Amino acid sequence: MVSVNPFAEFRDACETALQDVLSRLFPNVFISVRLDLPPNPEFGELASSVCFEIGKQTGKKPLVVAKKIVEALDVSKIPLVQDVTAAGGGYVNFHANLAEFSRLTIESIRASGKKYGYVKVDKPIKIIVEHTSVNPIHPIHIGQARNPMLGDAIARTLKARGHKVFRHYYIDDVGRQSAVIAYGYEKLGKPKPEGKPDHFIGVIYTITSCLTEIHRLKKVIKNAREHSAAEEVSRLQRELNDWMSVAVDLEAKYAQLFDKLAEEISKDEDPESKIAHLIREYEAGEENVKSLIREISQLCIGGFKETLGNAGISFDSWDWESSFVWNSDVKKVLSKLKTTPYVMHVGQVLEFDADKVARDLDLKQAFGVKEDYEIPSLTLARADGTTLYTTRDIPYTIWKFQKAERVINVIGMEQPLAQLQLKLALCALGHIDYAKNLTHFAYNLVRLPGFRMESRKGRYITLDKVMDEAVRRAYEEVSKRSPRLSEEEKRKISNFVGIGALKYALVEVDPNKPVVFTWDRVLDFEKNSAPYIQYSHARAGSIMRKAAREPKSADYVLLKERLEHDIILMLARFPEVFIEAADNLKPNLIADFANALADKFNTFYNAHSVLKAKPPQLSDARLALVEATKIVLSNALNLLGIKAPERM
RNA sequence: GGGCCCGUAGCCUAGUCCGGAUUAAGGCACCGGCCUUCGGAGCCGGAGACCGUGGGUUCAAGUCCCACCGGGCCCGCCA
């Protein structure tokens, strides 16, 4: 007999037995039993604290209740349970039949192999995971790098859970930022990229932003001196100074591009109006602007695909935001919204009253908003008729829901308001179900010590650079530790070690928590890192190669060591950890689990011999345990997109 | 002004959703051991935390509730 979820077998058996006894002994007490993991193996493998509650309701001492329960519980017919005891102030502790439990766990893992732990849902659905979606105007930088890592891990995990998963990249080519880069790129005469195309475009974008912002701010300040308060003027002045210092840096680093752009832009009386013009033309689908912006976007996307490919991340669909403008989906949505009571003109601007929708349809609670919080309205269209980001996101989201039942957007946590407004717009259009199945998976941007990364100001470290550095450092480690490997071997190993370390570091931390970027933090090759787990996996593989046999004579009764039991328990619990990680979108649970298992395994490795253990039935049992551990480590790493190597 | 997120040893993190066991779990850095027979990217030991503060709920609070403090973010005809 094998099981897809050995620990759940044990848990279910205990819960049923306990529930049964409770309804017999205390028919008037209604309480749901929920078994916990005890803090210490002395207390068994599962424990219940129901007696405290029963004690309160019946006026009896919890320990007395526990003893009564234990007396009435006949576990002799439950193969996985060895014993039940009353302990502490009133706990009921279930002790597993470890011989049987070990056999079930190890055999189940060896039988299921690569599928072990990936418990399937009963009703799989289609899920779109939209992630990364970095604007095609600059390279992916490390500030955004949690996005692809988390998004990919979530997609892998949901797929392993049995869902039909589609990975989408939203190419945001319509906004103001695209017009800015188009303006600069054209001024330079559409130059051929030097180096990686997205990096090249990123530089032009930053210089163009910088020059146009300085131009704009100077005008605004001049105006403000006459009309606004001194406080406002000095705020603007500080902003200008910041851009001026950006300009100094840029000119020093990219003298030629900077000077040429500065010269060209200075010929325009009003760059802002040129940029606004480009936005209008692009939305209208004017051919020249169309090919210009598409050309730039393609350059960047080529770079993105290379970067993400190096990280082992791919997409099923690349969705152009502009296509929803040009095929008039945006227009249709807007006109439909206008027929609702929630849209009105404020001056020339089209506004959406998100708060009114929430109140009318009584949605505040459902979306986790306080009743008395007034949701700000959303601007749908500028005075010149062009649209804004969230507006275009409405038809895009509807399109996604025509392909899937659930949509998960991996987006930075600075955008919860926009996501809420989007949901309310969907509701206003009658798509309440879409709104409820739309998940904003928020993550905190990676920061640099002292300040946040800003693409517009060129203050960022590219993901490419970090990955290169990761691989370079890994190469140093490999050369130091295994100098005799061939050059090719070293390159291969340093690649998966370096990338693995980076991925692990970005996925390991709770996405809500801020991460401050330091090289040491992100490139860790010691304990609590991907390389540590990979190393443990390779070690297990090494033992199996040396053994070169099937553990046919394994006798699991002989696995009596505490460390062996600890490992078996962890192996058995992997399916439950997986389910929790998948259903609650918590890939960091997988990372934690893999590290804890590797840790246990290394302790075991040092304490007990596998190949030289006597008798052979014990040696084989340990060998089977090693194999099971290797499988689970590999399956866990696989969910994070981290390679589990045979050697390193 | 309103809203969201975070606060656990010198530093970084787990545990908080769903409250349970007189030792709050790891890592980095630090100190002392182990070239160990299957790989030292390792193992063993030591030291280091009144879980931001103050109240409250409970038989039981790092975990739930309230207030406050500190840090980050959002409230744009940017995305």
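Computed from a predicted structure; not experimentally measured.
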> Can you tell me how far P in B/G19 sits from the matching atom in B/U13, rounded to whole Å?
Replying inline: 26 Å
>> I need the CG-P distance between A/D510 and B/G26, as an integer number of Å.
In response: 21 Å
> Would you say a side-chain N or O of A/K513 is under 4.0 Å from OP1 or OP2 of B/C12?
Replying inline: no
>> Taking any heavy-atom pair under 4.0 Å as a contact, classify A/R392: base, sugar-phosphate, or nothing.
In response: sugar-phosphate
> A/M413 CE to B/C74 P: how many Å, rounded?
Replying inline: 11 Å
> Under 4.0 angstrom, heavy atoms only, what part of the nucleic acid is A/V516 near: base, sugar-phosphate, or nothing?
Replying inline: nothing
> Reckon A/R647 touches a base, only the sugar-phosphate, or nothing at all at heavy-atom distances under 4.0 Å?
Replying inline: base
> When you compare B/G72 with B/G15, how far apart are their P atoms, in angstrom units rounded to a whole number?
Replying inline: 24 Å
> Do A/S322 and A/D173 have side-chain atoms, one donor and one acceptor, less than 3.5 Å apart?
Replying inline: yes
> Going by the angle between their ring planes, with limits at 30° and 60°, are A/W519 and A/F517 parallel, tilted or perpendicular?
Replying inline: perpendicular
>> Looking at A/K219, I'd like to know if its NZ atom is crowded, meaning that more than 12 non-hydrogen atoms belonging to other residues, nucleotides or ligands lie closer than 6.0 Å.
In response: yes
>> Could you identify the nucleotide paired to B/G32, looking across every strand shown and requiring Watson-Crick or G-U wobble geometry with both distances under 3.5 Å?
In response: B/C44
> If we take the C1' atom in both B/C59 and B/C74, what is their distance in whole Å?
Replying inline: 43 Å
> So, is A/R481 close to the B/G42 phosphate, meaning a side-chain N or O under 4.0 Å from OP1 or OP2?
Replying inline: no
>> Hydrogens and angles aside, do A/H168 and A/D319 bring a side-chain donor and acceptor to less than 3.5 Å of each other?
In response: yes
>> I need the OH-P distance between A/Y373 and B/G2, as an integer number of Å.
In response: 12 Å
> Just checking A/M544: base, sugar-phosphate only, or nothing, at a heavy-atom cut-off of under 4.0 Å?
Replying inline: nothing
> How far does the P atom of B/G1 sit from the matching atom of B/U57, given to the nearest Å?
Replying inline: 31 Å
> Can a donor-acceptor pair be found between the side chains of A/H138 and A/T206 at a distance below 3.5 Å?
Replying inline: no
>> Give me the distance, rounded to whole Å, that separates B/A41 from B/G62 when you measure between the C1' atoms they each carry.
In response: 33 Å
> Taking protein heavy atoms under 4.0 Å as touching, what does nucleotides 43-50 of chain B look like 5' to 3' if B marks base contact, S marks sugar-phosphate-only contact and - marks none?
Replying inline: SS------
>> By the 4.0 Å heavy-atom rule, please label A/E580 as base, sugar-phosphate, or nothing.
In response: base
>> Would you say A/Y535 places a side-chain N or O within less than 4.0 Å of OP1 or OP2 belonging to B/G39?
In response: no
>> Going by purine N1 to pyrimidine N3 plus the second Watson-Crick contact, or the G-U wobble pair, all under 3.5 Å, which nucleotide sits opposite B/A25?
In response: B/U13
> Can you tell me how far C1' of B/A14 sits from CG of A/N528, to the nearest Å?
Replying inline: 9 Å
> Could you give the CG-to-P distance, from A/L633 to B/G39, as a whole number of Å?
Replying inline: 16 Å
> Does the pair A/D372/A/K364 count as a salt bridge with the N-to-O cut at 4.0 Å?
Replying inline: no
> Do you know which of A/K480, A/R473, A/R472 makes salt bridge (charged side-chain N to carboxylate O under 4.0 Å, His left out) with A/E476?
Replying inline: A/R472
>> With a cut-off of less than 4.0 Å, is there a side-chain N or O of A/T379 near OP1 or OP2 of B/G76?
In response: no
> How close or far is atom C1' of B/C4 from atom NZ of A/K423, stated in whole angstroms?
Replying inline: 13 Å
>> Side chains of A/D524 and A/Y532 only: does a donor on one sit below 3.5 Å from an acceptor on the other?
In response: no
> When you check the gap from the basic side-chain N to the acidic O, do A/E477 and A/R481 get nearer than 4.0 Å?
Replying inline: yes
> Looking across every strand, which nucleic acid part, if any, lies under 4.0 Å from A/Q415 by heavy atom: base, sugar-phosphate, or nothing?
Replying inline: base
>> Using a heavy-atom cut-off of 4.0 Å across all strands, would you classify A/K546 as base, sugar-phosphate, or nothing?
In response: sugar-phosphate
> What integer number of Å spans the P atoms of B/G42 and B/C28?
Replying inline: 8 Å
> Taking only N and O in the side chain of A/R521, is any of them less than 4.0 Å away from OP1 or OP2 of B/U13?
Replying inline: yes
> Taking atom P in both B/C64 and B/A14, what distance in whole Å separates the two?
Replying inline: 15 Å
> When you match A/V478 and A/K612 each to their closest nucleotide on RNA chain B, which lands nearer the 5' end?
Replying inline: A/K612
> In terms of the nearest nucleotide of RNA chain B, which residue is placed more toward the 5' end: A/L589 or A/R382?
Replying inline: A/L589
> Do A/E130 and A/S133 have a side chain donor and acceptor closer than 3.5 Å?
Replying inline: yes
>> Output the rounded distance in Å from CG (A/N595) to P (B/C12).
In response: 19 Å
>> Whole angstroms only, please: what is the CH2-C1' distance between A/W519 and B/C12?
In response: 18 Å
>> Under 3.5 Å for both donor-acceptor distances, Watson-Crick or wobble: does B/A67 have a partner, and if so which one?
In response: B/U53
>> Side chains of A/D355 and A/Y373: any donor to acceptor distance under 3.5 Å?
In response: no
> Is any side-chain N of the basic residue among A/E281 and A/K274 closer than 4.0 Å to the acidic one's carboxylate O?
Replying inline: no
> If the P atom of B/C34 is compared with that of B/G40, how far apart are they to the nearest Å?
Replying inline: 16 Å
>> Measuring to OP1 and OP2 of B/C59, would you say a side-chain N or O of A/K61 lies under 4.0 angstrom away?
In response: no
> How is A/L611 classified with respect to the nucleic acid when contacts are heavy atoms under 4.0 Å: base, sugar-phosphate, or nothing?
Replying inline: base
> Is there a donor in the side chain of A/D384 and an acceptor in the side chain of A/T386, or the other way round, less than 3.5 Å apart?
Replying inline: yes
Distances for protein N or O near nucleotides 21-25 of chain B N or O, under 3.5 Å:
| unit_1 | atom_1 | unit_2 | atom_2 | d |
| --- | --- | --- | --- | --- |
| B/A21 | O4' | A/Y91 | OH | 3.1 |
| B/A21 | N6 | A/N93 | OD1 | 2.8 |
| B/A21 | N1 | A/N93 | OD1 | 3.2 |
| B/A21 | N1 | A/N93 | ND2 | 3.1 |

